[in-house]
Amino acid sequence: MSTLLDGLNPNQREAVTTLEGPLLIVAGPGSGKTRVIVHRIAYLVREAGVSPYRICAVTFTNRAAREMLERLQRLLGAQAEHLTCGTFHAFCAGILRREGKAIGLASSFTIYDEEDQRAVLKRAVEEAGFDPKRYNLSTIHHAISGAKARLLGPEGYQAHAHTYLEQVIAQVYQRYQTLLTQSQAVDFDDLLLLTYQLFRDHPQVLHKYQERYLHLLIDEFQDTNPAQYALAKQVAGKWRNICVVGDPDQSIYSWRHADIRNILDFRKDFPDCKIVYLEENYRSTPPILQAAEGVISANTQRIAKRLVPVRTGGAPIVLHEAYNEDEEASWVAGEIERLVRSGVARYRHCVVLYRTHAQSRALEEAFLRHGIPYRVVGAIRFYRRREVKDLLAYLRLLVNPADTISLQRVVNTPPRGIGQKAQDALLRHAQTLGKAPAEVLLQEGEGIPLSGPPLSALRRFADLLRRLTPLAHSLDLVALMDIVLEETGYKEWLLAQEDGEARWENLVELRGLASEFKDLPPPQGLLTFLERVSLVSEQDELEGQQDVVTLLTLHQAKGLEFPVVFLVGLEEGVLPHYRSLDTPEEIEEERRLLYVGMTRAQERLYLLRAFRRHLAGGSQPTLPSRFLQDLPPQVVRGAPPAQARPTPPPTPSKAPPPPFKTGDRVRHARFGEGLVVAISPSGNEHEVTVQFDLAGVKRLLYPIAPLERVG
């Protein structure tokens with residue numbers, strides 16, 4: 001028997017050795033799914049004789065992909081270098097670099113991050129003839145992102161736009177996409193959408209990758225959106241050896257357009273699929289698993305499975321009620337001090353999880369008072385620091401002169417006498433010529449309608465670009481960075497700032513990270529580095545073993561584990577969040593979020609709530625989270641607050657009828673317009689099923705959900 005199967009339980013072995021056809025692995029938290037994926041890939045190579053070149057494994061964070069690849073290198077040695085192993089977005093970026101010319105995309109395209117996208121979107125709103133102060137850019141961006149996740153381009157979105165706001169978004173979407181195309185740039189959603197369109201419209205390209213990838217493995221399948229699932233079906237279309245691994249109970253990213261139906265419906269899409277359940281949990285103690293199972297079992301959108309503890313013993317779950325968020329934070333700080341002082345834990349063993357970033361304020365203040373070292377994940381991330389983005393913008397511009405956002409960032413940084421009026425004149429002139437502003441500077445700078453010092457300053461900047469641009473194609477990455485910092489005057493200018501030394505250290509750090517790519521031939525090293533930087537997530541920056549307490553949101557905690565977990569803010573309006581009370585589906589996702597947080601704990605789990613909390617600008621009394629009532633009392637120390645215990649549901653007959661009926665058209669502030677297809681009593685409310693024009697079918701609780709009749 002293969003040594004690759006040693007130490008695996010029977011279900012894990014079945015998952016590793018089932019090699020042909022579609023396979024669904026339902027993997028509970030702490031069930032060793034990464035080990036199973038890694039050993040399955042190694043088994044394909046070592047035992048089944050599959051070439052690593054013909055295996056593709058995708059997951060959702062660079063951190064997870066890096067861990068997977070490191071394990072595979074230990075099992076396969078040099079053969080692991082021939083595997084395709086990375087995130088969905090990195091996989092698609094690589095394909096577009098190689099094949100994008102077929103859809104008019106240069107191999108040097110830029111990947112815009114959220115800040116860049118917002119700048120393009122603001123310009124798109126203005127150029128579409130609307131006032132950006134009247135429209136919420138975040139709402140528009142979310143709608144465009146959602147359209148792309150559903151594989152709708154501007155024309156597809158326009159065809160479904162019925163309300164005035166949707167018509168506005170459709171026009172902005174069209175202009176936004178035009179601006180991206182002119183800049184030879186893509187956003188994160190484009191990486192998926194454009195790859196799908198490339199495969200759809202160019203069968204010869206799709207055939208190339210279908211032929212290559214005999215086996216496709218997808219981790220965290222419950223987090224895929226429609227575009228990712230469609231891509232997976234395209235790639236696996238020939239051989240049908242698609243293995244998906246996931247857990248519907250850990251689907252928590254619908255706000256990123258993840259669709260839990262992908263994993264729930266996989267069996268319908270692949271009727272011949274085999275299902276393997278990984279239920280043995282190697283991470284948490286029995287009390288933690290029993291509590292988590294009690295909470296999640298109330299959900300209906302799930303694939304039933306057990307959490308079988310391998311470990312024995314374990315401390316009970318601690319449930320604590322504080323007066324307000326400050327007392328809650330002080331209690332957490334005091335308990336961490338007690339655990340560290342008694343030798344039960346180190347600071348690095350402890351994590352505090354919360355629903356929103358704003359909850360970290362009280363915790364940070366308490367930790368500072370107690371002298372507890374900590375780090376907050378998701379504060380100002382390294383790659384979003386001003387000086388880091390400035391240098392990256394210079395590098396992006398040198399390799400992609402069409403990148404207008406990068407030009408606007410550096411044209412007067414450091415200050416060189418090119419004010420906003422001069423920049424606007426350049427942009428207008430470039431638009432008239434149908435060219436990118438940097439290309440105008442490099443080729444036709446004489447035609448810019450300016451004179452005097454502003455024109456002279458632009459000409460000097462053009463000369464600078466002419467000197468530096470060829471170097472991007474001839475120098476290694478580190479040498480290029482050094483010359484850019486010197487020639488642009490950025491280093492001298494930065495060090496002259498009050499905080500210049502600290503900010504310069506960030507650039508030194510960036511230079512060190514770039515050294516990993518210096519041996520790649522130019523401009524490949526630069527392009528690979530810029531792509532890697534663009535696809536970094538918050539979890540990827542959670543590295544190192546500093547002895548500090550970690551503070552992060554529940555969404556960021558996915559995929560992590562800690563010996564000691566404190567989960568704060570278990571109140572109605574916080575968890576579940578007040579924005580998630582419209583529909584049963586949203587409430588179920590909030591319950592899954594709590595489940596994910598609870599199952600991060602290995603040894604000890606603390607659940608806290610405050611009697612009062614600052615919400616909407618003032619201190620208000622709170623109600624305990626409805627999820628607390630599902631905790632098994634035998635594993636909890638500290639009685640649940642009285643309000644959290646089950647109460648007899650009100651009789652349906654008392655529910656007030658909604659002012660509309662089946663067949664009526666209604667409007668929702670978030671989902672737009674739709675048709676009422678069913679109404680049924682549900683406690684004090686009515687459950688209204690609506691087929692929305694754009695958002696699909698939603699079940700809403702009226703009058704909690706803001707529904708109004710149209711016409």
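Contact annotation: the side chain of Q250 approaches that of Q222 to within less than 4.5 Å [non-hydrogen atoms, C-beta and beyond]. Here the side chains of R348 and T550 are not in contact, with every heavy-atom distance at 4.5 Å or above. In this structure, T59 and C85 have side chains that are not in contact, with every pair of non-hydrogen atoms separated by 4.5 Å or more. Put simply, the side chain of N225 reaches to within 4.5 Å of the side chain of L192, judged on heavy atoms. Looking only at side-chain heavy atoms (C-beta outward), L530 and I111 stay at 4.5 Å or farther from each other. With contacts defined as side-chain heavy-atom distances shorter than 4.5 Å, the pair S254/I260 does not qualify. Side-chain contact between L75 and L4 is present, with heavy atoms from C-beta onward closer than 4.5 Å. Looking at I41 and L217, their side chains come closer than 4.5 Å, going by heavy atoms from C-beta outward.
Electrostatic pairing of R256 and D223 does not count as a salt bridge here, judged by no charged N lying under 4.0 Å from a carboxylate O. Ion pairing of E70 with R74 is absent here, as no side-chain N (NZ or NE/NH1/NH2) approaches a carboxylate O to less than 4.0 Å. Between E588 and R302, none of the side-chain N atoms (NZ, or NE/NH1/NH2) sits under 4.0 Å from a carboxylate O, so this pair counts as no salt bridge. With salt bridges taken as basic N to acidic carboxylate O contacts below 4.0 Å, none links E47 and R40. Between R118 and E115, no side-chain nitrogen of the basic residue sits less than 4.0 Å from a carboxylate oxygen of the acidic one, so the salt-bridge criterion is not met. The pair D272-R240 counts as a salt bridge, with a side-chain nitrogen and a carboxylate oxygen less than 4.0 angstrom apart. E220 and K33 are joined by a salt bridge, as a carboxylate oxygen and a charged side-chain nitrogen come within less than 4.0 angstrom of each other. A salt bridge links R396 and D403; the closest N-O separation between the charged side-chain nitrogens and carboxylate oxygens is under 4.0 Å. Taking the charged nitrogens against the carboxylate oxygens, R283 and E561 do have a contact shorter than 4.0 Å, which makes a salt bridge. The residues E99 and K208 are annotated as salt-bridged, a charged nitrogen and a carboxylate oxygen being separated by less than 4.0 angstrom. A salt bridge links E279 with R306: the distance from a Lys NZ or Arg NE/NH1/NH2 to an Asp or Glu carboxylate oxygen falls below 4.0 Å. Taking the charged nitrogens against the carboxylate oxygens, R511 and D482 do have a contact shorter than 4.0 Å, which makes a salt bridge.
Annotation: R386, atom CZ; neighbour count of heavy atoms from other residues, nucleotides and ligands within 6.0 Å does not exceed 12. The number of heavy-atom neighbours closer than 6.0 Å to OH of Y53, taken from other residues, nucleotides and ligands shown, is 12 or below. Surrounding NZ of K518 are at most 12 heavy atoms belonging to other residues, nucleotides or ligands under 6.0 Å away.
Scanning for ring pair (Phe, Tyr, Trp, His ring centres under 6.0 Å) contacts around Y595 gives an empty result, with sequence neighbours left out.
Remark: aromatic rings of H555 and W255 are close, center separation under 6.0 Å. For F60 and Y253, the distance between ring centers is not under 6.0 angstrom.
K268 forms no cation-pi arrangement with F270, by the criterion of a distance under 6.0 Å to the ring centre and an angle within 45° of the ring axis. Because its NZ or CZ atom is not both nearer than 6.0 Å to the ring centre of Y213 and within 45° of the ring axis, R54 does not count as a cation-pi partner of that residue. Under a cutoff of 6.0 Å and an axis angle of 45°, R97 and F109 form a cation-pi pair.
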Between Y229 and F221, is a ring pair (Phe, Tyr, Trp, His ring centres under 6.0 Å) present by the stated rule, with each step listed? CA-CA 9 Å; Y229 191 20; F221 187 64; 5.2 Å; yes

Using salt bridge (Lys or Arg N to Asp or Glu O under 4.0 Å), reason through K389 and D116 one step at a time and then give a plain yes or no. CA-CA 10 Å; K389 288 215 64 174; D116 301 324; 3.3 Å; yes

Run R375 and Q546 through side chain to side chain donor-acceptor pair (under 3.5 Å) and show every step you take. CA-CA 9 Å; R375 60 178 168 184; Q546 310 102 302; 3.3 Å; yes

Between N281 and S31, is a side chain to side chain donor-acceptor pair (under 3.5 Å) present by the stated rule, with each step listed? CA-CA 5 Å; N281 181 288; S31 60; over 6 Å; no

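Atom CG of D189 and atom CG of L151 lie 10.5 Å apart (nearest 0.5 Å). Interatomic distance, CE of M68 versus CZ of R63, reported as 12.5 Å (0.5 Å rounding). The CG atom of D219 sits 10.5 Å away from the CZ atom of F88 when rounded to the nearest 0.5 Å. Within the model, atoms CG of L552 and CG of L554 stand 8.0 Å from one another, a figure rounded to the nearest 0.5 Å. With values rounded to the nearest 0.5 angstrom, C92 atom SG is found 10.0 Å from L193 atom CG. Between C273 atom SG and F266 atom CZ the span is 5.5 Å, to the nearest 0.5 Å.
V186 and L194 get closest at one heavy-atom pair: CG1-CD1, 3.7 Å. Closest of all the heavy-atom pairs between A27 and D247 is O-CB, 3.2 Å. Across N506 and V388, no two heavy atoms sit closer than the pair CB-CG2, 4.1 Å. Annotation for P52 and Q79: closest pair CB-O, 3.5 Å, computed over non-hydrogen atoms. In terms of heavy atoms, A436 sits closest to P401 at CB-O, 3.9 Å. In terms of heavy-atom proximity, L216 sits nearest to A236 at CD2-CB, 4.2 Å.
Looking only at distances, no side-chain donor or acceptor of R71 sits under 3.5 Å from a matching main-chain atom of V38. The main-chain N or O of A601 is found under 3.5 Å from a side-chain atom of S284 such that the two form a donor-acceptor pair. S515 places a side-chain N or O within donor-acceptor distance of the main-chain N or O of G512, the cut-off being under 3.5 Å. Judged purely by atom type and a 3.5 angstrom limit, N62 has no side-chain atom pairing as donor or acceptor with the backbone of G86. Listed for the W239 side chain is no donor-acceptor partner under 3.5 Å among the backbone atoms of H215. The backbone N or O of Y277 lies less than 3.5 Å from a partner atom in the side chain of N11, making a donor-acceptor pair. Between the side chain of D190 and the backbone N or O of D187, at least one donor-acceptor pair lies under 3.5 Å. When atom types are taken as modelled, the side chain of D476 and the backbone of D519 share no donor-acceptor pair closer than 3.5 angstrom. Of the possible polar contacts, none joining the S145 side chain to the H142 backbone as a donor-acceptor pair under 3.5 Å is found. Of the possible donor and acceptor atoms, none in the side chain of Q524 sits under 3.5 Å from a partner among the backbone N and O of P521.
Applying the side-chain hydrogen bond (donor to acceptor under 3.5 Å, both in side chains) test to pairs two or more places apart or on separate chains, none has a residue in residues 194-205.
Donor-acceptor pairing under 3.5 Å is lacking for the side chains of Q228 and K233. Checking Q556 against T553 by side-chain atom types alone, a donor-acceptor pair falls below 3.5 Å. Of the N and O atoms on the side chains of Q184 and N400, not one donor lies less than 3.5 Å from an acceptor on the other residue.
Between Y209 and F199, the ring planes are tilted. Angles from 30° to 60° get that label.
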